[in-house]
Amino acid sequence: MKHGPQRIVCLTEEPTETLYALGEQHRIVGISGFTVRPPAARREKPKVSAFTSAKIGEILKLRPDFVIGFSDIQAEIAGELIRHGVEVWISNHRSVDGILDYVRRLGALVGAAERAKEYADELRRGLDDIAAQAATLSRRPKVYFEEWDEPLISGIQWVAELVRIAGGDDIFPERAAESLAKQRILEDPGEVVRRAPDIILGSWCGKKFRPQKVAAREGWASIPAVRDGELHEIKSPIILQPGPAALTDGVREIAAVIRQWAQRQG
């Protein structure tokens with residue numbers, strides 16, 4: 001007997017990556033054009049959406065019995081599909097615990113609850129291992145994570161939490177707690193200067209991070225990270241999607257940057 005939805009459209013990458021990890025990829029009939037993980041998904045599944053837009057007609061042709069999206073940014077897409085009688089789940093998780101719970105919930109929806117629990121536990125163990133390694137560092141760096149450059153937007157909650165797990169301290173914890181990107185806009189770039197990060201991590205969603213452009217900002221030459229050349233890109237597909245990628249490759253890359261910084265500090 002078949003359980004759960006059989007024809008799923010994923011409007012973002014994290015449900016696609018999770019369903020593949022659970023061995024339930026046969027249920028997916030459409031994906032986001034921004035999906036890069038796993039690589040097989042891009043080869044096998046039709047691309048029917050961006051992040052803020054979607055090909056509603058193409059989605060309807062796929063006859064989905066379930067569509068999965070993320071956050072208020074996809075509310076209009078969700079509303080349009082709901083008006084066409086499609087069942088839609090818009091998740092809105094923003095934390096590491098939220099990502100792990102998302103994996104469990106999605107697994108339960110497709111009749112793979114036990115596998116999903118095991119997978120979430122595996123992801124948690126990986127984070128615990130990184131935290132244990134980070135605890136051996138002689139010093140914790142102050143980290144500024146930049147999600148966008150025009151305007152400047154600081155990191156979202158799960159990113160700030162992963163920075164902490166990896167051994168650093170996000171310099172804008174109060175902004176990370178805000179769920180909407182507009183609440184994380186830095187009206188005054190001088191705020192970064194005053195908080196003096198040791199490391200700057202850039203992940204400009206959809207475009208390449210340019211360290212030289214950051215270093216050239218007025219007054220930023222005095223920031224320790226700029227002075228010491230500690231400006232690093234974390235590719236957006238592995239950190240800005242609230243799914244398995246951030247809890248594996250994303251946090252590992254952040255941890256590697258922090259570990260190398262600590263070694264250079266002696």
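The six-membered or imidazole ring of W89 lies near that of Y102, with a centre-to-centre distance under 6.0 Å.
Looking at Q157, E147, E178, E174 one by one, the single match for side chain to side chain donor-acceptor pair (under 3.5 Å) with R184 turns out to be E147. Applying side chain to side chain donor-acceptor pair (under 3.5 Å) to D169 and the options R140, K142, R164 leaves one that passes, R140.
Between atom CD1 of residue I185 and atom CD1 of residue I153 there is a gap of 5.0 Å, rounded to the nearest 0.5 Å. D228 CG to I199 CD1: the interatomic distance, rounded to the nearest 0.5 Å, is 10.0 Å. Note: I73 CD1 to T52 OG1 = 8.0 Å, rounded to the nearest 0.5 Å. Summarising the geometry, atom CD belonging to Q74 is positioned 9.5 Å from atom OG belonging to S53; distances are rounded to the nearest 0.5 Å. Rounding to the nearest 0.5 Å places CD1 of I99 at 9.5 Å from OG1 of T18. In this structure, R259 CZ and I254 CD1 are separated by 12.5 Å, a value rounded to the nearest 0.5 Å.
With sequence neighbours left out, the salt bridge (Lys or Arg N to Asp or Glu O under 4.0 Å) criterion links K213 to D149, E150. Checked against ring-ring contact (aromatic ring centres under 6.0 Å, His included), F70 has the following partners two or more places apart in sequence or in another chain: H93.
For Q265, the CD atom is densely surrounded, since the number of other residues' heavy atoms within 6.0 Å is greater than 12. For CD of Q212, the number of neighbouring non-hydrogen atoms (other residues, nucleotides, ligands) closer than 6.0 Å is greater than 12. Enclosure of atom NZ in K182 is not indicated, since only 12 or fewer non-hydrogen atoms of other residues, nucleotides or ligands lie within 6.0 angstrom. Surrounding NZ of K55 are at most 12 heavy atoms belonging to other residues, nucleotides or ligands under 6.0 Å away. Atom CZ of F34 has 12 or fewer neighbouring heavy atoms from other residues, nucleotides or ligands inside a 6.0 Å radius. At most 12 heavy atoms of other shown residues, nucleotides or ligands fall within 6.0 angstrom of atom CZ in R63.
What you find for V143 and G168 is that their closest heavy atoms are CG2-CA, 4.2 Å. Closest non-hydrogen pair, A116 versus V103, comes out as CB-O, 3.5 Å. Nearest heavy atom pair, residue L240 against residue C205, reads CD1-CB, 3.7 Å. In terms of heavy atoms, S71 sits closest to F51 at OG-CZ, 4.3 Å. When every heavy atom of P224 is checked against every heavy atom of D198, the shortest pair comes out as CB-OD1, 4.0 Å. For the residue pair L62 and G30, the shortest heavy atom distance occurs at CD1-CA, 4.1 Å.
Note on E24 versus R115: salt bridge recorded, some NZ/NE/NH1/NH2 to OD/OE distance being below 4.0 Å. Under a 4.0 Å N-O distance rule, the pair R125/D128 does not qualify as a salt bridge. Look at D170 and R195 and you find no salt bridge, because none of the NZ, NE, NH1 or NH2 atoms lies under 4.0 Å from a carboxylate O. Taking a cutoff of 4.0 Å between a charged side-chain nitrogen and a carboxylate oxygen, K235 and E233 qualify as a salt bridge.
K47 places a side-chain N or O within 3.5 Å of a backbone atom of R42 that can act as its donor or acceptor partner. Between the side chain of D65 and the main chain of P5, no donor-acceptor pair closer than 3.5 Å is present. Looking only at distances, no side-chain donor or acceptor of R139 sits under 3.5 Å from a matching main-chain atom of A262. In terms of modelled atom types and a separation under 3.5 Å, the side chain of E230 and the main chain of R227 share no donor-acceptor contact.
Side-chain contact between H232 and E253 is absent, with no heavy atoms from C-beta onward closer than 4.5 Å. A 4.5 Å side-chain heavy-atom check between L137 and W261 finds every atom pair outside the cut-off. No side-chain heavy atom of L201 sits under 4.5 Å from any side-chain heavy atom of I239. Counting heavy atoms from C-beta on, the side chains of R175 and Q183 never come closer than 4.5 Å. I8 is not listed as a side-chain neighbour of P64, based on a closest heavy-atom distance of 4.5 Å or more. A 4.5 Å side-chain heavy-atom check between P151 and L186 finds every atom pair outside the cut-off. Considering only heavy atoms from C-beta on, L100 comes within 4.5 Å of L247 through its side chain. In this structure, V48 and I31 have side chains that are not in contact, with every pair of non-hydrogen atoms separated by 4.5 Å or more.
Both I156 and I234 are part of a single hydrophobic cluster, where members link through side-chain heavy atoms under 4.5 Å apart.
Side-chain contact annotation: Y144 with E191, donor-acceptor N/O pair under 3.5 Å absent. A donor-acceptor pair shorter than 3.5 Å can be found between the side chains of W204 and E146.
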Could you walk me through whether D101 and R94 satisfy the salt bridge (charged side-chain N to carboxylate O under 4.0 Å, His left out) test, starting with their C-alpha distance in whole Å, then the side-chain angles of each, then the deciding distance to 0.1 Å, before giving a yes or no? CA-CA 11 Å; D101 187 54; R94 306 286 173 144; over 6 Å; no

For I200 and F145: C-alpha separation, side-chain torsions, deciding distance, then whether side chain to side chain contact (heavy atoms under 4.5 Å, CB included) applies. CA-CA 6 Å; I200 293 175; F145 186 98; over 6 Å; no

Test V193 against S222 for side chain to side chain contact (heavy atoms under 4.5 Å, CB included), laying out the working first. CA-CA 7 Å; V193 179; S222 64; 3.7 Å; yes

Take D249 and R252 through the salt bridge (charged side-chain N to carboxylate O under 4.0 Å, His left out) test and state the conclusion after the steps. CA-CA 5 Å; D249 291 355; R252 282 197 288 262; 2.8 Å; yes

Could you go through T12 and I68, starting from their C-alpha distance and side-chain angles, then the distance that decides it, and tell me whether this counts as side chain to side chain contact (heavy atoms under 4.5 Å, CB included)? CA-CA 8 Å; T12 53; I68 304 172; 5.7 Å; no

Please assess R27 against L22 for the test side chain to side chain contact (heavy atoms under 4.5 Å, CB included), listing each intermediate value before the final yes or no. CA-CA 11 Å; R27 298 174 187 266; L22 298 178; over 6 Å; no

